There are 2 protein chains.
Amino acid sequence: MGKQPQVLDCALKEGAYDGSDLRTLLAFQIYQLSSKLAAQGRAVLARHGSINLPQWRIIRVLGMGVDNASNEVRIAAGIDKGQFSRTLETLIDAGLVRTEPLASDRRTFAIHLTAEGRALHDEIAPDLQARHNHLLKGLSPAQVRTLFIVLEKLSESAADLEFLDAARSNR
Amino acid sequence: MGKQPQVLDCALKEGAYDGSDLRTLLAFQIYQLSSKLAAQGRAVLARHGSINLPQWRIIRVLGMGVDNASNEVRIAAGIDKGQFSRTLETLIDAGLVRTEPLASDRRTFAIHLTAEGRALHDEIAPDLQARHNHLLKGLSPAQVRTLFIVLEKLSESAADLEFLDAARSNR
DNA sequence: AAATGATTGTTGACTTGTCCACGAGTCTAC
DNA sequence: GTAGACTCGTGGACAAGTCAACAATCATTT
C-alpha cells in the first residue's frame with residue numbers, strides 16, 4: 001500500500017485544488033467514487049439474491065418512511081421518471097411493493113412495501129449499514145460533518161449553469 | 001430558495017451521520033451528486049458540439065499529459081475496458097486522437113491528441129474550469145482541503161468488501 | 001525452452017441511465 | 001365554465017455503463 005498515498009501529497013499545496021491535477025478535478029473524482037460505490041453496492045446486494053441498485057434505492061426510500069406518494073418517492077430516490085416507472089414495475093412483479101390509487105390526485109398513486117419487501121429491506125440494511133460505517137471509519141467526526149455539509153452545497157451548485165453566462169460576460 | 005436549507009438542519013446533530021436519514025446515506029448522496037454533475041457536464045459540453053462525457057474524460061486525461069500508454073489512460077479516466085475501446089474508436093473516427101503501436105509491449109499502444117483534439121480541449125477546458133470554480137466558490141479553503149482528503153480515503157474504502165466478513169464474524 | 005499465469009484490448013450481450021413524446025389529470029387565469 | 005399551462009406516469013428510443021469470453025502478448029515458473 002506504499003504506492004497509494006493516504007493523503008494528497010505535498011505537490012498539492014494548500015490552495016492548489018484548482019483542477020490543474022486530475023486528483024483535484026472535483027467532478028471527475030466524484031464520478032469515479034460514485035462508480036466504485038456502485039460496484040461495491042452491487043457486490044453487497046449480490047449476496048442477497050437478484051435485486052439490483054435501482055430497485056434497492058426505491059426500497060430504501062420506502063423503508064425509511066420518507067413518503068409514499070409516487071412522485072415524492074421518485075424524487076427522493078433521485079431516479080428518472082421513465083426508469084422509475086420500469087423499475088417499480090419489476091418490484092411489483094417481484095411482490096416487493098404494492099401500489100394504490102391516491103384520491104387526492106388521480107395522476108399519482110401511493111407505494112408501500114409488502115411484508116416480503118419489508119423483510120428484504122430488513123435483511124439487506126445491516127450489510128449496507130456496515131458498509132456505511134466502513135466508509136466513515138477512517139474519518140474524524142469533524143471530517144464527516146464537513147463532508148455532508150459540503151455535499152449539500154455541491155448538490156446545489158451542480159443544479160445551475162449560471163457560471164457559463166458569467167464566464168461569457170467576463171470576456 | 002428558502003425551502004432549501006443551506007446546511008443540514010439541527011435535526012441532524014453532530015454525530016448523527018449514521019445513515020438513519022436519507023441525507024446522511026453517503027453512497028446515496030454521492031450517487032445523486034454524481035448524476036447532477038453529469039447532467040451539468042453534459043449541458044456544458046452541449047455548447048461545444050456533439051462530444052459526450054466519456055469522450056471528454058479521455059480527452060481531459062490526454063490534455064493533462066498524465067500518460068499516453070493506452071492502459072494508463074484508461075485507468076486514469078476510470079473507464080471500463082470495453083467502453084474505453086469503443087469510445088476511443090469514436091474519438092479516432094472524429095479525428096480527435098491518433099494511436100501508435102508501442103514497441104515495448106505489443107498489446108498496448110500510445111494515444112495522442114491530434115491538433116484538432118488539442119484545440120477542442122483548449123476550447124472546452126475554460127468552461128469546465130468555470131464550473132469547477134463555481135462548485136468550490138461556496139466552500140472555505142479548509143472545507144475544500146478536507147473534501148479532497150476525504151474523497152481519497154473514501155475511494156480506498158470503496159474498493160473492498162472486508163466489512164461484510166467482519167459483520168458476519170461478529171454475529 | 002516450454003508451460004502456466006496474468007495482462008491488455010476487442011467484441012458481444014446485457015443492464016442501467018437519459019431524453020422525449022404523449023395522454024390523463026390538475027391548477028390557474030380569465 | 002373554459003382555455004392554457006403545467007404536472008405526472010408510461011413507453012419508445014437511444015446512450016452509457018457493466019460483465020464476460022476470447023485472442024494475442026508478456027511475465028513468471030519449472
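Here the structure is a predicted model, which is why all the values come from computation and not from measurement. Convention: sequence-line order gives letters A, B, ...; per-chain numbering from 1.
- Rounded to whole Å, the distance from CD1 on A:I111 to P on D:dC8 is 13 Å.
- If you check residues 29-37 of chain A against DNA chain D, the residues with a heavy atom closer than 4.0 Å are A:Y31, listed by number.
- Residues B:I149 and A:Q143 are in side-chain contact: their nearest non-hydrogen atoms beyond the backbone lie under 4.5 Å apart.
- Each salt bridge (charged side-chain N to carboxylate O under 4.0 Å, His left out) pair with one or both residues in residues 68-90 of chain A, not counting sequence neighbours, would appear here, but there are none.
- Between the side chain of A:T87 and the backbone N or O of A:Q55, no donor-acceptor pair lies under 3.5 Å.
- Regarding B:F84, its CZ atom lies at a distance of 17 Å from the C1' atom of D:dT18, rounded to whole Å.
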#### Entry: Letter per nucleotide, 5' to 3', of nucleotides 19-28 of chain C [B base touched, S only sugar-phosphate touched, - untouched; heavy atoms, 4.0 Å]
B-----BS--

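- Legend: ring pair (Phe, Tyr, Trp, His ring centres under 6.0 Å) pairs involving residues 127-147 of chain B, not counting sequence neighbours, sorted by first then second residue: A:F163-B:H134.
- A donor-acceptor pair is defined here as one N or O able to donate and one able to accept, closer than 3.5 Å; such a pair exists between the side chain of B:K153 and the backbone of A:G138.
- Of the two residues near DNA chain C, B:A69 and A:I79, the one whose nearest nucleotide lies more 5' is B:A69.
- When rounded to the nearest whole Å, the span between CZ of B:R74 and C1' of D:dG17 equals 13 Å.
- Within the model, atoms CZ of B:R131 and CG of A:L25 stand 9.5 Å from one another, a figure rounded to the nearest 0.5 Å.
- Rounded to whole Å, atom P of D:dC26 lies 11 Å from atom CG of B:L102.
- Considering every non-hydrogen atom in both A:L22 and B:R60, the closest pair reads CD2-CG, 4.4 Å.
- Within the model, atoms OG of B:S157 and CG of A:L33 stand 9.5 Å from one another, a figure rounded to the nearest 0.5 Å.
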### Task
Begin from the C-alpha positions of B:Q32 and A:S155 and carry the test side-chain hydrogen bond (donor to acceptor under 3.5 Å, both in side chains) through to its verdict.
CA-CA 8 Å; B:Q32 302 225 21; A:S155 187; over 6 Å; no

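- Rounded to whole angstrom, the span from the CD1 atom of A:I51 across to the C1' atom of C:dT15 amounts to 15 Å.
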For residues 102-112 of chain B, please give each side-chain donor-acceptor pair under 3.5 Å, one per line with the distance, not counting sequence neighbours.
unit_1 : atom_1 : unit_2 : atom_2 : d
B:D105 : OD1    : B:R107 : N      : 3.0
B:D105 : OD1    : B:R107 : NE     : 3.1
B:D105 : OD2    : B:R107 : NH2    : 3.0
B:T108 : OG1    : B:D105 : O      : 3.3
B:H112 : NE2    : B:E100 : OE2    : 3.3

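- Residues from residues 52-67 of chain B with heavy atoms under 4.0 angstrom of DNA chain D, sorted by number: B:N52, B:P54, B:R57.
- B:A38 and B:L53 make their closest contact through O-CD1, 3.4 Å (heavy atoms, listed as atom of the first residue, atom of the second, distance).
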